[in-house]
Amino acid sequence: MLASMVQSIGGIPILYPIPKDSINETKDILKKAADETHLLLSTGGISVGKYDLISDAWKEIGGTWVTSKINMKPGKPFSLGSLSSSILLALPGNPVSAAMTFTIFVYPAIKKLNGSYDYEPETKMAIAGADIVSKHSRVEFQRVRTNSKKQIVPLIQQGSHCLSTLAQSDGFIRVNPDDKIHAGQEVEFTPWPY
């Protein structure tokens, strides 16, 4: 999925092997990728579980973290690191979290690195076809679809593991903590740019 997204916006994806749950193998692959590319993407292994090895492996090969974890849903584990002339964008492992953080952070980075002055995903105004309420203390990016009246409606399943709702959605909206968007209200909508 991520390789296809990279390619669709003018990047050249190079796929590296998936490391086993081993700090040494993770370090070897990260080091090789950092030596061969300027922008690295990883997915998974960046949270706080027993086998989330990206953070420690990156530090052990000399990398530093610019940011670690962000206040958004889905996508909280997203982290940004640097090593010499390489940047690591460490995306979460859940597919929706990976797609969302790619769209918000990686898409603009690749577009800008390719010389585009128009590097943010296009947004437009749309009418909410239902009430939309924030249920979290983090900024939430909700997947939405366009109904027959050309209004946007959030999909019921918003879990970061729900790849099917990613496929069913037309894009997403940003919902800040404590936001209450009422049906009929205008809202900023970002169609998927792929």
[X] versus [Y], closest heavy-atom pair with distance:
X: L15; Y: A3; result: CD2-CB, 3.9 Å
X: P108; Y: P121; result: CG-CD, 4.4 Å
X: L2; Y: A98; result: CD2-O, 4.2 Å
X: L166; Y: A99; result: CD2-CB, 3.7 Å
X: G11; Y: N114; result: N-ND2, 4.0 Å

Linking I/L/V/M/F/W/Y whenever any side-chain heavy atoms sit under 4.5 Å apart, do [X] and [Y] land together?
X: V96; Y: V139; result: yes
X: I173; Y: W192; result: no
X: I46; Y: L88; result: yes
X: Y107; Y: I70; result: yes
X: I14; Y: L40; result: no

Would you indicate whether the side-chain heavy atoms of [Y] and [X] approach each other to under 4.5 Å?
X: K76; Y: P92; answer: no
X: L39; Y: S86; answer: no
X: H38; Y: L113; answer: no
X: L89; Y: L80; answer: yes

How many angstroms lie between atom [atom1] of [X] and atom [atom2] of [Y], to the nearest 0.5 angstrom?
X: K111; Y: Y119; atom1: NZ; atom2: OH; result: 12.5 Å
X: I181; Y: E188; atom1: CD1; atom2: CD; result: 10.5 Å
X: M72; Y: I104; atom1: CE; atom2: CD1; result: 3.5 Å
X: I29; Y: K27; atom1: CD1; atom2: NZ; result: 13.0 Å
X: S8; Y: I110; atom1: OG; atom2: CD1; result: 8.5 Å
X: R145; Y: S169; atom1: CZ; atom2: OG; result: 11.0 Å

Inset, instruction - May I ask you to check whether Y194 and S4 show a side-chain donor-acceptor distance below 3.5 Å? - result: no

Inset, instruction - Answer yes when K31 and D35 have at least one side-chain N-carboxylate O distance shorter than 4.0 Å, and no when they do not. - result: yes

Inset, instruction - Please lay out, stage by stage, how I132 and I152 fare under the test side-chain contact (heavy atoms from CB on, under 4.5 Å). - result: CA-CA 10 Å; I132 303 166; I152 55 108; 4.2 Å; yes

Legend entry - Inter- and intrachain pairs under side-chain hydrogen bond (donor to acceptor under 3.5 Å, both in side chains), touching residues 122-132, at least two apart: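 Checked against side-chain hydrogen bond (donor to acceptor under 3.5 Å, both in side chains) - neighbours excluded - no pair reaches residues 122-132.
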
Legend entry - Contact list for residues 176-186, test side-chain hydrogen bond (donor to acceptor under 3.5 Å, both in side chains), sequence neighbours left out: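 Listed once each, the pairs are R174-N176.
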
Inset, instruction - For the pair F172 and F141, name the ring-plane relationship: parallel under 30°, tilted 30 to 60°, perpendicular over 60°. - result: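 Because their plane-to-plane angle is over 60°, the rings of F172 and F141 count as perpendicular.
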
Inset, instruction - Measure the acute angle between the ring planes of W65 and W58, then classify it against the limits of 30° and 60° as parallel, tilted or perpendicular. - result: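 It falls in the tilted class, 30° to 60°.
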
Inset, instruction - Give a yes or no on whether F105 atom CZ has more than 12 heavy-atom contacts from other residues, nucleotides or ligands under 6.0 Å away. - result: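 Yes, enclosed.
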
Legend entry - Atom CD1 of I18: over 12 foreign heavy atoms under 6.0 Å: no

Inset, instruction - Check the pair E36 / Y16 against side-chain contact (heavy atoms from CB on, under 4.5 Å), numbers first and verdict last. - result: CA-CA 11 Å; E36 296 175 350; Y16 289 88; 2.6 Å; yes

Legend entry - side-chain hydrogen bond (donor to acceptor under 3.5 Å, both in side chains) partner of T165, chosen from R143, Q142, Q157, Q158: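 Running side-chain hydrogen bond (donor to acceptor under 3.5 Å, both in side chains) over R143, Q142, Q157, Q158 with T165 returns exactly one hit, R143.
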
Inset, instruction - Could you tell me whether the side chain of E25 and the main chain of K20 form a donor-acceptor pair under 3.5 Å? - result: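 Checking the backbone N and O of K20 against the side chain of E25, a donor-acceptor pair under 3.5 Å is found.
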
Legend entry - Given T43, T26, L91, the one that forms side-chain contact (heavy atoms from CB on, under 4.5 Å) with I54: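 The single option meeting the side-chain contact (heavy atoms from CB on, under 4.5 Å) with I54 is T26.
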
Inset, instruction - Evaluate side-chain contact (heavy atoms from CB on, under 4.5 Å) for M5 paired with V106, printing each intermediate quantity in order. - result: CA-CA 10 Å; M5 288 174 161; V106 182; over 6 Å; no

Legend entry - Contacts of type side chain to side chain contact (heavy atoms under 4.5 Å, CB included), residue S82, not counting sequence neighbours: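 Only T64, V66, I87 meet the side chain to side chain contact (heavy atoms under 4.5 Å, CB included) criterion with S82.
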
